[in-house]
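First comes the structure, then the notes that go with it.
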Number of protein chains: 2
Amino acid sequence: MAERSQYEELARQISAMGAVKRSLARLLPAECPSGSAAVLALLDRYGEMRISRLAELLAVDMSVTSRHVAHVAGRGWIERSPDPDDGRSRILRLTPAGVARLEDLGRRTTDLFAHHLKDWSDDDVGRLNALLARLRESLGDCRNARTPT
Amino acid sequence: MAERSQYEELARQISAMGAVKRSLARLLPAECPSGSAAVLALLDRYGEMRISRLAELLAVDMSVTSRHVAHVAGRGWIERSPDPDDGRSRILRLTPAGVARLEDLGRRTTDLFAHHLKDWSDDDVGRLNALLARLRESLGDCRNARTPT
DNA sequence: TATTGTTATACTCTATAACTATA
DNA sequence: TATAGTTATAGAGTATAACAATA
């Protein structure tokens with residue numbers, strides 16, 4: 001259990017990550033905004049899946065996911081085939097064009113980090129990745145169990 | 001210098017922080033959205049300042065900052081006094097009502113973290129805070145030096 | 001002429017709710 | 001009746017550009 005002031009500092013840091021996120025987003029071509037890029041990245045990492053699963057991984061509502069998916073499908077970066085087990089669903093899968101697009105995106109972000117994070121060690125980046133993953137897991141179920149005003 | 005795959009993982013983690021940020025935002029009263037909360041927090045931490053300085057700290061355009069400031073000023077949480085050294089500027093300062101509002105916000109976020117981050121040590125939280133601060137510093141000047149498409 | 005700040009406009013991302021189709 | 005997905009609508013946050021006032 002950490003001190004209260006550390007929690008407030010953490011809240012400030014999280015809030016300020018928006019600026020970092022925007023830096024990354026500015027790297028992207030106008031045709032492929034960050035929502036689209038996230039869809040492609042997850043399909044690459046976890047393989048084909050349905051929209052509901054994608055929405056879970058993105059941690060956004062299914063309606064939002066549906067729009068992002070429609071966007072990338074319209075560009076030919078993914079294909080939607082019928083789900084043999086459930087007529088209501090379709091299976092999403094990267095196309096070769098989607099893979100190519102994703103490789104381009106990976107190159108852009110890698111270039112940015114390689115330039116600005118020159119003095120970070122492999123371990124530094126790994127530690128940050130691990131802590132962020134843990135943070136998301138710890139806060140993962142905030143969505144449903146809360147006390148708003 | 002870290003490996004390429006770690007950079008791509010970092011990009012994914014940063015992108016996914018949006019969900020964590022929204023969890024925090026859902027704690028806030030409707031009257032005080034996250035932009036307003038950030039203004040109050042920075043004025044508390046750094047003391048009175050002008051809009052342009054606030055925009056720098058928020059890492060957001062001055063036009064955006066201007067709107068957030070108008071919102072919190074309208075609620076009486078900050079006051080704007082003329083800048084004796086520059087007739088174009090005004091000095092922003094927390095009011096007692098703003099301090100009270102901020103204390104309430106701090107209580108909410110602290111409660112959330114205390115509940116969900118029970119198994120985090122003081123050092124864990126401190127390490128994450130330090131790494132996030134360093135990340136923002138390393139990427140701090142991305143805004144002006146880039147190669148979009 | 002340059003800078004501080006404000007406002008108008010537009011775009012992205014998001015959630016809620018209503019709706020269709022299938023289970 | 002319940003679930004997967006889509007679409008319409010609304011709201012927050014942001015950037016760009018045009019503008020006012022002062023330096």
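Just the heavy atoms: all of them, side chains too, but no hydrogens, waters or symmetry mates, feed the values below. Chain naming here is simple, since letters A, B, ... match the order of the sequence lines and numbering starts at 1 in each.
- B:Met62 has its CE atom 12 Å from the C1' atom of C:dA2, to the nearest Å.
- Summarising the geometry, atom CG belonging to B:Leu28 is positioned 6.5 Å from atom OG belonging to B:Ser34; distances are rounded to the nearest 0.5 Å.
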### Task
Sugar-phosphate means primed atoms, P, OP1 and OP2; the rest is base. With that split, encode nucleotides 18-23 of chain C 5' to 3' as B, S or - using protein heavy atoms under 4.0 Å.
---BBS

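- Residue A:Arg90 has a polar side-chain atom (N or O) positioned under 4.0 Å from OP1 or OP2 of D:dT6.
- Residue B:Arg80 places no side-chain N or O under 4.0 Å from the OP1 or OP2 atom of C:dT4.
- A side-chain donor from one of A:Ser63 and A:Asp61 sits under 3.5 Å from a side-chain acceptor of the other.
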Please enumerate all protein N or O atoms sitting under 3.5 Å from an N or O of nucleotides 10-12 of chain C, with distances to 0.1 Å.
none

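- Atom CZ of A:Arg22 and atom C1' of D:dA12 are 13 Å apart (whole Å).
- Protein atom NZ of B:Lys21 is 14 Å distant from nucleotide atom P of C:dC13, rounded to whole Å.
- The distance from atom CZ of A:Arg50 to atom CG of A:Leu92, rounded to the nearest 0.5 Å, is 10.0 Å.
- Between A:Asp111 and A:Arg107 no salt bridge is recorded (no basic side-chain N to carboxylate O distance below 4.0 Å).
- Between atom CG of residue A:Leu135 and atom CD of residue B:Gln13 there is a gap of 9.5 Å, rounded to the nearest 0.5 Å.
- Checked by distance alone, B:Ser63 brings no side-chain donor or acceptor within 3.5 Å of a matching partner on the base of D:dT14.
- Remark: the backbone N or O of B:Ala11 is not paired with any side-chain donor or acceptor of A:Thr109 at under 3.5 angstrom.
- With distances taken from any side-chain atom of A:Asp61 to the nucleotides D:dG5, C:dA15, D:dT14, the minimum falls on C:dA15.
- The existence of a salt bridge linking B:Glu48 and B:Arg90 is excluded, since no basic side-chain nitrogen approaches an acidic carboxylate oxygen closer than 4.0 Å.
- Between the C1' atom of C:dT6 and the CZ atom of B:Arg50 lies a distance of 15 Å, rounded to the nearest Å.
- Distance CG (A:Leu58) to P (C:dC13): 11 Å, rounded to an integer number of Å.
- Distance NE2 (B:His68) to P (C:dT6): 13 Å, rounded to an integer number of Å.
- At the phosphate of D:dG5, neither OP1 nor OP2 sits under 4.0 Å from any side-chain N or O atom of A:Thr65.
- When the P atom of D:dT7 is taken as reference, atom NE2 of A:His71 falls 15 Å away, rounded to whole Å.
- Atom C1' of nucleotide D:dA12 and atom CG of B:Leu28 are separated by 12 Å, given to the nearest angstrom.
- Atom OG in A:Ser36 sits 9.5 Å away from atom CD1 in A:Ile78 (nearest 0.5 Å).
- Remark: A:Arg134 engages B:Asp124 in a salt bridge, criterion side-chain N to carboxylate O under 4.0 Å.
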